[in-house]
K.L.:
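My structure is below; once you've seen it, I'll send some questions.
As the structure is a computational prediction, the values presented were derived from the model and not from experiment. A note on names: the letters A, B, ... follow the listed sequences, proteins ahead of strands, and every chain is numbered from 1.
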Amino acid sequence: METTTPPAPERSDFIREIVTTDLREGTHESIVTRFPPEPNGYLHIGHAKSICLNFGIAEEFGGRCHLRFDDTNPVKEEQEFIDSIEADVRWLGFDWGEHLYFASDYFEQLYAWAVHLIEAGKAYVDDLSADEIREYRGTLTEPGRESPWRDRSVAENLDLFARMRAGEFPNGARVLRAKIDMASPNINFRDPVMYRILHAVHPRTGDAWCIYPSYDFAHGQSDAIEHITHSICTLEFQDHRPLYDWFIENLPVPSRPRQYEFARLNLTHTVLSKRILLRLVSEGHVRGWDDPRMPTLSALRRRGFPAEGIRDFAAMIGVARADSVVEVEMLEHAVRDVLNREAQRRFAILKPLKVVIENYPEGEVEYVEVQNNPEDPSAGTRPVAFSRELWIERDDFMEDPPKKFFRLAPGREVRLRSAYFVTCTEVVKDDAGEIVELRCTYDPDTRGGSAPDGRRPKATLHWLSVAHAVPVEVRLYDHLFASEYPGADGRDLFDDLNPDSEIVLRDSFVEPSLAEFASGETVQFERLGYFCPDVDSSPGAPVFNRTLTLKDTWAKLQKQGRHD
RNA sequence: UGGGGCGUAGCCAAGCGGUAAGGCAGCGGACUUUGGAUCCGCCAUGCGUAGGUUCGAAUCCUACCGCCCCAGCCA
């Protein structure tokens, strides 16, 4: 039988290079990676980088990727998080097949290996308190001191460890430690804790255990049990690698995994610390883990970001070992790129201004055909009602326009997309001087949006027939944090929260055809941005989230003051 | 000041001794029934700094500078 070599992936980074080499040199016949979240919170865009890396490599090299929950700390972990993590990974587009695992599945094996180390004289039960252990550990520049309990007999250690498991001691009374080197310059080698007593109910094992392995004692061995070949984690675990290796080397594990580290994702205008995300939720700065302003995958999904855009983003930013902060604009670009290609177009008026077409017959309604997606003719067209009274966008009219404002103004002719050219003849104001209505005339010869004489207005506006428009609530989202680097320069991170990260509009209208999109699909509101129906919608009261704005040259000019 | 890492454009990132990819952002232009999209052009005589090796250095060597991580019974 012929063995086929998987085609070399065009995207390359140092990890894929290592994998390529390992495969070529026969270090491994096939590769196995894993994504190992702790179920103590929701997955966010930073996890997406890791998910795309681990599952992506498995896919590209014909290997497999496991989903393994690192559930060794029951005081922080919950079933709710396990469920959301599974849903989010699936939504992102990855499949772990049969390979769903939990570190807690290995508790019995891990316990046996702890006993093995005790018997080999390489682990001991320590009676020191947490505070004492810290004191004995030394500092970055001074070596630590050995615990007075370090030289207990194997028999005593075995007995004590068994009684720890049996529940004879309260939380914190004793720990099991590896006996390595209290003077090591690598602090992780100064007799790291392997087991601690935690009388807590575990989401999976319930009250079967009251001692739990530490990350260091669980992770590498879990990898070994699953025959993980490349254990990919973030940079802060570099110092743990020697310890990871030490356990592997000193235990009769079934395989020899290797750990590789890459730089975690940082994004401008965004915070990806689980601790802070938890505070944003618990202190009510946002409405929940899936609040559309959050960087969690569930929030991005609710916001209307397509999974493909997130995957493209991950591919775009690459994988390296240098600390970095990616501009959030790159994520937004990846998302717009997908949406521009795939999203159906619809008309919506966010801030309505009434237009009356004076020379259009009262009571008459006609339907014009509008393209659903100019980028994709196969998306077809839809009929949109046109009549004498229309809504246009308030921002599309200026009574006294600056030079570079191309839209509607007194006496000026513009195109109503796919309908007619109209000319503003009169501006109607209320007693306060507020513009309440525009009177216009239309040119019947321009039906469909082009003139027989070939004249071309400088602007094309979207519009809606007043009698046919459906009222909706629209939520405009912007960066949760106003500053590029939240909390930088000693500022309190929460002072950097953007007060305008959510603006709710209650007088908006959409086309009736938008009813079909209750499913959650993201659509483009022409000239405005991408929007999707929110779960807060109820029958007769639709709510739309703004996923992203369209790029807006006019807005940029305004911001720069270059419009004149 | 112990140990472990990392420095290539505003941002991300290729580059693996043969003369600085690509993307994002930005700027200019073309086109346009979305001020969107698309297309074209511009954007590092320079790779943290200083020396050295070499015909040739972002790539090798030396020294220095800067930044990040580690002193949880978190992961």
K.L.:
Measure the acute angle between the ring planes of A:Trp289 and A:Phe81, then classify it against the limits of 30° and 60° as parallel, tilted or perpendicular.
P.N.:
perpendicular

K.L.:
Side chains of A:Arg346 and A:Ser513 only: does a donor on one sit below 3.5 Å from an acceptor on the other?
P.N.:
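Checked: A:Arg346/A:Ser513 side chains pair up, N/O donor to acceptor below 3.5 Å.
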
K.L.:
Under 4.0 angstrom, heavy atoms only, what part of the nucleic acid is A:Val325 near: base, sugar-phosphate, or nothing?
P.N.:
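Sugar-phosphate, backbone atoms only, no base.
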
K.L.:
Could you check whether the side chain of A:Arg407 and the base of B:rG35 have a donor-acceptor pair of N or O atoms closer than 3.5 Å, going by distance alone?
P.N.:
yes

K.L.:
Counting only Watson-Crick pairs (N1-N3 plus N6-O4 or O6-N4) and G-U wobbles (N1-O2, O6-N3), all under 3.5 Å, who is the partner of B:rG66?
P.N.:
B:rC6

K.L.:
Nearest to the A:His333 side chain among B:rC24, B:rG72, B:rG26, which nucleotide is it?
P.N.:
B:rC24

K.L.:
Using purine N1 to pyrimidine N3 plus N6-O4 or O6-N4 for Watson-Crick, or N1-O2 and O6-N3 for G-U wobble, each under 3.5 Å, what pairs with B:rC43?
P.N.:
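B:rC43 is unpaired by these criteria.
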
K.L.:
Rounded to whole angstrom units, what separation is found between the OH atom of A:Tyr530 and the P atom of B:rU34?
P.N.:
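So the OH-P distance, A:Tyr530 to B:rU34, works out to 13 Å.
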
K.L.:
Heavy atoms only, 4.0 Å cut-off, all strands: where does A:Arg68 land among base, sugar-phosphate and nothing?
P.N.:
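No contact.
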
K.L.:
Could you check which nucleotide pairs with B:rU19 in any of the strands shown, counting Watson-Crick or G-U wobble with both distances under 3.5 Å?
P.N.:
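Across all strands, not a single nucleotide pairs with B:rU19.
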
K.L.:
Atom CD of A:Glu261 and atom C1' of B:rG5: how far apart are they, to the nearest Å?
P.N.:
9 Å

K.L.:
Kindly say if A:Arg336 contacts the phosphate of B:rA37, meaning a side-chain N or O under 4.0 Å from OP1 or OP2.
P.N.:
no

K.L.:
With the side chain of A:Thr72 defined as its heavy atoms from C-beta on, choose the nearest nucleotide among B:rA14, B:rU38, B:rA75.
P.N.:
B:rA75

K.L.:
Looking only at side-chain N and O atoms, does A:Arg321 come under 4.0 Å of OP1 or OP2 in B:rC68?
P.N.:
no

K.L.:
Pick base, sugar-phosphate or nothing for A:Gln238, based on heavy-atom distances below 4.0 Å to the nucleic acid.
P.N.:
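Sugar-phosphate contact only - A:Gln238 comes under 4.0 Å of backbone atoms but never of a base.
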
K.L.:
So what does A:His240 hit on the nucleic acid, given a heavy-atom distance under 4.0 Å: a base, only sugar-phosphate, or nothing?
P.N.:
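Result for A:His240 = base.
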
K.L.:
For the side chain of A:Arg345 and the base of B:rU34, is some donor closer than 3.5 Å to an acceptor across the two?
P.N.:
yes

K.L.:
Tell me which nucleotide among B:rG35, B:rA75, B:rC70 gets nearest to the side chain of A:Asp70.
P.N.:
B:rA75

K.L.:
To the nearest Å, give me how far apart OH (A:Tyr485) and P (B:rC11) are.
P.N.:
7 Å

K.L.:
To the nearest angstrom, how far is A:Lys458 atom NZ from B:rG36 atom P?
P.N.:
13 Å

K.L.:
Could you check which residues of residues 135-144 of chain A get a heavy atom under 4.0 Å from RNA chain B? Sort them by number, please.
P.N.:
A:Arg137, A:Gly138, A:Thr139, A:Leu140, A:Thr141

K.L.:
Could you tell me the Watson-Crick or G-U partner of B:rA25, where both distances fall under 3.5 Å? Say none if there is no partner.
P.N.:
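Partner of B:rA25: none found under 3.5 Å.
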
K.L.:
Would you say the ring centers of A:Tyr260 and A:Phe14 fall short of 6.0 Å from each other?
P.N.:
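For A:Tyr260 and A:Phe14, the ring centres are not under 6.0 Å apart.
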
K.L.:
Nearest heavy atom decides the nucleotide; on that basis, is A:Phe14 or A:Glu38 closer to the 5' end of RNA chain B?
P.N.:
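Nearer the 5' end of the strand: A:Phe14.
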
K.L.:
Does the Lys NZ or Arg CZ of A:Arg165 fall within the cation-pi geometry relative to A:Tyr111 - under 6.0 Å from the ring centre and within 45° of the axis?
P.N.:
yes

K.L.:
So is A:Arg415 actually on top of A:Phe421's ring, under 6.0 Å and inside 45° of the axis?
P.N.:
no

K.L.:
Cation over ring, A:Arg241 on A:Phe189, under 6.0 Å and within 45°?
P.N.:
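Not flagged: A:Arg241 not positioned over aromatic ring of A:Phe189.
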
K.L.:
Check the distance between B:rG72's P and A:Lys76's NZ and give it to me in whole angstrom.
P.N.:
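Taking NZ of A:Lys76 and P of B:rG72, I get 13 Å after rounding.
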
K.L.:
For A:Arg341 and B:rA37, is the shortest distance between a side-chain N/O and OP1 or OP2 below 4.0 Å?
P.N.:
no

K.L.:
Heavy atoms only, 4.0 Å cut-off, all strands: where does A:Phe237 land among base, sugar-phosphate and nothing?
P.N.:
base

K.L.:
Looking at A:Arg562, does any N or O in its side chain come under 4.0 Å of the phosphate oxygens OP1/OP2 on B:rG26?
P.N.:
no

K.L.:
Classify A:Val326 by what it touches in the nucleic acid, base, sugar-phosphate, or nothing, heavy-atom distance under 4.0 Å.
P.N.:
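It contacts sugar-phosphate atoms only.
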
K.L.:
Within the 4.0 Å heavy-atom criterion, would you say A:Leu550 contacts the bases, only the backbone, or no part of the nucleic acid?
P.N.:
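Base contact - A:Leu550 has a heavy atom under 4.0 Å of at least one base atom.
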
K.L.:
So does A:Arg527 get a side-chain nitrogen or oxygen closer than 4.0 Å to the phosphate oxygens (OP1/OP2) of B:rG36?
P.N.:
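Answer no for this pair, as no side-chain N or O of A:Arg527 is under 4.0 Å from OP1 or OP2.
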
K.L.:
Mapping A:Ala555 and A:Ile317 onto RNA chain B by nearest heavy atom, which one lands closer to the 5' end?
P.N.:
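By nearest-heavy-atom nucleotide position, the 5'-most residue is A:Ile317.
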
K.L.:
Can you tell me how far NE2 of A:His462 sits from CD1 of A:Ile392, rounded to the nearest 0.5 angstrom?
P.N.:
8.5 Å

K.L.:
Give A:Leu128 one of three labels, base, sugar-phosphate or nothing, depending on what nucleic acid heavy atoms sit under 4.0 Å from its own.
P.N.:
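Base contact.
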
K.L.:
Run the ring-centre check on A:Phe481 versus A:His269 and record whether the distance is less than 6.0 Å.
P.N.:
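No - the distance between ring centres of A:Phe481 and A:His269 does not fall below the 6.0 Å cut-off.
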
K.L.:
What do you reckon, are the aromatic ring centroids of A:Tyr215 and A:His219 less than 6.0 Å apart?
P.N.:
yes

K.L.:
Rounded to whole angstroms, how far apart are CG on A:Asn266 and P on B:rC69?
P.N.:
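To the nearest whole Å, that distance equals 10 Å.
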
K.L.:
B:rG26, OP1 or OP2 - any side-chain N/O from A:Lys556 closer than 4.0 Å?
P.N.:
yes

K.L.:
Find the partner of B:rG36: check Watson-Crick (N1-N3 plus N6-O4 or O6-N4) and G-U wobble (N1-O2, O6-N3) distances, both under 3.5 Å, and reply none if neither fits.
P.N.:
none

K.L.:
Any chance you could measure A:Tyr367, atom OH, to A:Arg382, atom CZ, to the nearest 0.5 Å?
P.N.:
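Atom-to-atom, A:Tyr367:OH and A:Arg382:CZ are 13.0 Å apart.
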
K.L.:
Ignoring the backbone of A:Asp239, work out which of B:rG3, B:rA25, B:rC12 is nearest its side chain.
P.N.:
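Closest of the options to the side chain of A:Asp239: B:rG3.
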
K.L.:
Look at all strands and tell whether A:Ile133 reaches a base, only sugar-phosphate, or nothing, counting heavy atoms closer than 4.0 Å.
P.N.:
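A:Ile133: base contact, heavy atoms under 4.0 Å.
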
K.L.:
Check every atom of B:rC73, B:rG35, B:rA13 against the side chain of A:Ala130 and return the nucleotide holding the closest atom.
P.N.:
B:rC73

K.L.:
Go through B:rA14, B:rA75, B:rG15 for me and flag the one nearest to the A:Glu17 side chain.
P.N.:
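Nearest nucleotide to the side chain: B:rG15.
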
K.L.:
Return the value, rounded to whole Å, for the distance between atom CD1 of A:Ile187 and atom P of B:rG4.
P.N.:
13 Å

K.L.:
Answer yes if the ring centres of A:Phe531 and A:Phe544 are under 6.0 angstrom apart, and no otherwise.
P.N.:
no

K.L.:
Nearest of B:rA25, B:rG7, B:rU34 to any side-chain atom of A:Glu327?
P.N.:
B:rA25

K.L.:
Please determine if A:Arg152 forms a cation-pi arrangement with A:Tyr124, meaning its NZ or CZ atom is less than 6.0 Å from the six-membered ring centre and no more than 45° off the ring axis.
P.N.:
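Verdict for A:Tyr124: no cation-pi partner in A:Arg152.
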
K.L.:
Given B:rA13, B:rU32, B:rA37, which nucleotide is nearest the side-chain atoms of A:Ala320?
P.N.:
B:rA13

K.L.:
Which one, B:rC27, B:rA37, B:rC24, comes nearest to the side chain of A:Lys551?
P.N.:
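Selected nucleotide: B:rA37.
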
K.L.:
Could you tell me the Watson-Crick or G-U partner of B:rU53, where both distances fall under 3.5 Å? Say none if there is no partner.
P.N.:
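Pairing partner, where one exists within any strand: none, as none qualifies.
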
K.L.:
Taking only N and O in the side chain of A:Gln560, is any of them less than 4.0 Å away from OP1 or OP2 of B:rC27?
P.N.:
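For B:rC27, OP1/OP2 do have a side-chain N/O of A:Gln560 under 4.0 Å.
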
K.L.:
Which label fits B:rG66, syn or anti, where anti is any glycosidic angle not within 90° of 0?
P.N.:
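For B:rG66, whose glycosidic angle is more than 90° from 0, the conformation is anti.
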
K.L.:
Got a donor-acceptor pair under 3.5 Å from the side chain of A:Glu375 to the base of B:rG36?
P.N.:
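By the distance-only test, yes, there is a pair.
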
K.L.:
Choosing from B:rU34, B:rA75, B:rC24, which nucleotide comes nearest the side chain of A:Gln524?
P.N.:
B:rU34

K.L.:
Output the rounded distance in Å from CZ (A:Arg145) to P (B:rA71).
P.N.:
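Taking atom P of B:rA71 as the reference, CZ of A:Arg145 is at 19 Å.
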
K.L.:
Looking across every strand, which nucleic acid part, if any, lies under 4.0 Å from A:Ser418 by heavy atom: base, sugar-phosphate, or nothing?
P.N.:
base

